[in-house]
Amino acid sequence: MAKSIVSAVLEKLSSLLMIPGEIKHNFELALALEEEIGKVIAHFQDIQSVLQDAESKQVKDANVRNWLKKLKDVAYDVDDVVDEWNSEKLKSQIDKEQKGARNFPLLKKMRNSISSFTFQTILYYKIASKLSGVNEQLDSIATEKDRYKFGLEKVVEEPRRLITASFIDDEEVYGRCQETEILVNMLVGNNSSGGGLKLPVISIVGMGGIGKTTLAQLVYNHSDVECHFGKRIWICVSDPFDEIRIAKEILEAFKGESSNLVGKDNILQEIRSHVSGKKVLLVLDDVWSEDATRWEQLKTSLKHCSPGSRILITTRNEKVAIIMGTTSSNLFLLNTLSLEECWSLLSRRAYYGRTREESENLDDIGWKIADKCQGLPLAVKILGGLLRFKRTREQWQNVLDSEMWDFEEAEQDLFPPLFLSYYELPLALKQCISYCAVFPKGMILRKNELIKLWMAQDYLKGVRCEEMEIVGEEYFDELHMRSFFQDFGGDELDSGIMKYKMHDLIHDFLLVLMKTECVMLVNHDSEELKVDLSCERARYGTLFRKEAAPTESNIFRFRKLRSLLIDSSYHDTSSLRLYLPRLFDQLTCLRTLNLSNGLFRNSIEELPDEIGKLVHLRYLNLKNNKKLKELPESLCGLCNLQTLNLKWCDSLKELPCGIGKIINLRHLENDQTNLSLMAIPRGIGRLTNLQTLSLFVVMGNSDASTLGDLQNLIHLRGLLKISGLGAVCDVTEAKKAELENKKGLRTLIFDFTISKGLMSNRWQRDDGRLLEALRPPPCLEELEIWCYSSPTISANWMMGLTKLSRVSLGYCLHLKSLPPLGKLPSLESLYIGGMSRVEKVSVEFLGVEREEILAPSSSLESPSSSVIAFPSLKHLEFEFFDLEEWEDWMPLTSREEHISIMPRLCSLTINSCPKLKALPCYVLHNTSLKQLNISQSPILSERCRKETGEDWLKISHIPSIMIDGVRIQVNCSSVEEFGVLQFQPLHSSSLSSKNFLKAFSQN
């Protein structure tokens, strides 16, 4: 990682060479600055040329690791100096713009100018002094460098790579029976045609040490495989991908002797003649290269094999598998072993030579050690071999209690394969994955959040002027394909956001790499934090608050921290209140600060003004601090801030007035503050880098933002909720917002309440015209409309949203008829609730035009060309909350029966519709319907009563039926297939029914 840091710092140092004009008049200061900057650059350039060799030697040499630590410390210090310089220039520029916009008297302008010049001169003297101290340290580091005789990058000694062969002892393998069977079937089974490919490539993909080679050996030596293929060839590829060597080894396998052929073309021609008409299995073990050109010609020469031939490769990188020509159906992602399989492998090795009684005495600890290996076969083998020579329970307990890397055997055998994966990463990715050592072991990671943390550490500089978030997504996907992250599934209750984990041993490995840069601090049982003096210059820290006691004073010794994550899973943040001023005063290098609260009601109530001293801060997480009422104006001096997370700070009344000065802000996450946040300050329109603005509150107040302030926020993406629309009288303001130009928006929520979510009493307002003016971008996927007061929804743009997949309409108390939503081709989920004046749902709701209804009677078209309403709808929910008008859901007439309605409907929920008389036939007879849920609708409940209800025979085909909370029919296989969406409410709006009723009761 040292090379990554040095490279990044060298790039930034170039900005310091641009000495400001006002300083050049001070010749002595300008000369000193240029001289010190030049020395730093020269030192780093000299050291940079040997860093690749140094990083590879640190695996075995503790002295080299220590030298790299010193170098990284200095590089971090220089980075802080550069960032301080750039921050002050930016703040000065912002101040000038603001003061220039005001009409100050001439004398005051002169005073401001003199004051600014004096401040900058002092700052540059300070920076020159710091760089002088840095150069003294670099002199010492450069002298020490010569002692280690590092090689230049072109002659770097690469990490040792294991050469594999096809032989394996089956008795030494535990588990992998199912995996072997699947792969053998992919090679020789009836369905192994390869999808029409001439020479299919099957890839085994997984992290280092997971057993890819072992599985390939099992498959290669399987009796079915031996019989099926006329010729089997095993090649250990490793890195680099030497196509000439590989081709010669293939030829040698056919001829039984070394080939004397010279020239690539001659060799490939010879291979072509040997494979012609033969059924061949070629195994390429341990492939790393991403250069497709090295592989293509060799693969072409192999395509003259007879049908049924296969290529099987093993790789750590899914991207390599794709480049080699593997299709998704031929991609085999290898999972870890089960605990039982780990135990079988561990016990065979560890219990060798012991009596049964001795073994049984160690079983309980042994199972825990097997679990500690987290399913990684290589780790099991290493610990099993280690335990063979540990005779007592105490010794086994010591192995269980120790970190994996404390053992010499683990460092020798487990470190190298993991280091190889790390070593192969580009510099930028090394930084990103190394940062992940700061997280607790086993922590669930969310992709978008991790990208923001990388961004805060300045790791995401694109080479093609790309957005940092796009670069971060590419980096994450690359690390995921290289098996550094494992899928942990999506969260339906969290907008389907994918979750990921790191394998525990990868996390342990990263902690070894970041040993002196990353610290984990725990306050436990009222003990004082124990601090390793060698870690006092650590840059990344996590504090686990196992006790409610305030943060101990030792945390303030880590003055160089760039990232601090305070874990409040056990206790709320309120006890941090007294210590935050000192924290902000002393830990001024912080770029990332997580002060999020756990699921507690109590929390900090305010941030101290000292937050303004964190000039480097780019990421501030205050999520779930439910008693936080306001933010200090000093926060607006943090011109580098990129992410401000205020989710669920539901006592927050206002944002600071000067928020427009945080011009680098990209993500303002203020979801779930809609019941407390009164308005958005006027300066929001200056934040032209904003990509996330979860909630925008409109208020009829001259000091607050209006809809027109959204105009310049062209980079907004994801979700935007606009609340308080009931207070908007000027439709032209809505047009100024230009929502249709914000192509990145995917979800829009229009809330027509006024302050604090209360319904407006000004019924004369025209919400219809306002809604028409709020035209969204055509790529919108989700739309929610709440508390709309006009009698119809007739916005012309709505039916043009061809990608709209989810719609919620709620508490539109004056709406008399539903819009023709059946026209939306992509609509999958529809929620309709709280409509007190809707009396019937008729054919207009289906979005079918009169001409389409009459079409069959006036033409000879076949039924297969009939009209389809709601062609994609899967989930439908009506919820009227005892507002008792709705009586009829109109069935189709004989002239309309050719219309196909909701052909993909999976779930239907009817809640609190006491007057609804019956469900239409096109719902009752819908064969795609898998779940029906009816509650607080007595007429329907009676009609659908099991066995005796009037409609029971019509609905009995539905696998899962719930009436008034009682599940009267369940088909387990169908429910399981349908998954977690079972009986979940469809609407996901932050204005839930609970919040709405709470707000309404305040009126």
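T336 places no side-chain N or O within donor-acceptor distance of the main-chain N or O of L376, the cut-off being under 3.5 Å.
Applying the ring-ring contact (aromatic ring centres under 6.0 Å, His included) test to pairs two or more places apart or on separate chains, those with a residue in residues 255-282 are F254-H274. Counting only residues at least two apart or in different chains, ring-ring contact (aromatic ring centres under 6.0 Å, His included) contacts with residues 361-395 comprise W343-W367. Applying the salt bridge (Lys or Arg N to Asp or Glu O under 4.0 Å) rule to pairs touching residues 316-332 yields E290-K319, K319-E478, sequence neighbours excluded.
Under the rule for a side chain to side chain donor-acceptor pair (under 3.5 Å), the partners of Q297 that lie at least two apart in sequence or sit in another chain are K264. Applying the side-chain contact (heavy atoms from CB on, under 4.5 Å) rule to D291 yields the partners S289, T293, R294; only residues at least two apart in sequence or on another chain are considered. Listed by chain and number, the residues in a side chain to side chain donor-acceptor pair (under 3.5 Å) with S309 amount to none (sequence neighbours excluded).
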Could you walk me through whether D477 and K447 pass the salt bridge (charged side-chain N to carboxylate O under 4.0 Å, His left out) test, one step at a time?
-> CA-CA 9 Å; D477 291 343; K447 182 177 179 178; 2.8 Å; yes

In sequence, state the C-alpha distance, the side-chain angles, and the governing distance for R393 and D364, and then conclude on salt bridge (charged side-chain N to carboxylate O under 4.0 Å, His left out).
-> CA-CA 10 Å; R393 280 184 64 86; D364 58 327; 3.0 Å; yes

For the pair K441 and D508, evaluate salt bridge (charged side-chain N to carboxylate O under 4.0 Å, His left out) and give the outcome as yes or no after the intermediate values.
-> CA-CA 8 Å; K441 188 183 291 188; D508 290 343; 2.9 Å; yes

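No side-chain N or O of Q217 forms a donor-acceptor pair with one of N221 less than 3.5 Å apart.
The 12-atom threshold is not exceeded at CZ of R272, counting heavy atoms of other residues, nucleotides or ligands nearer than 6.0 Å.
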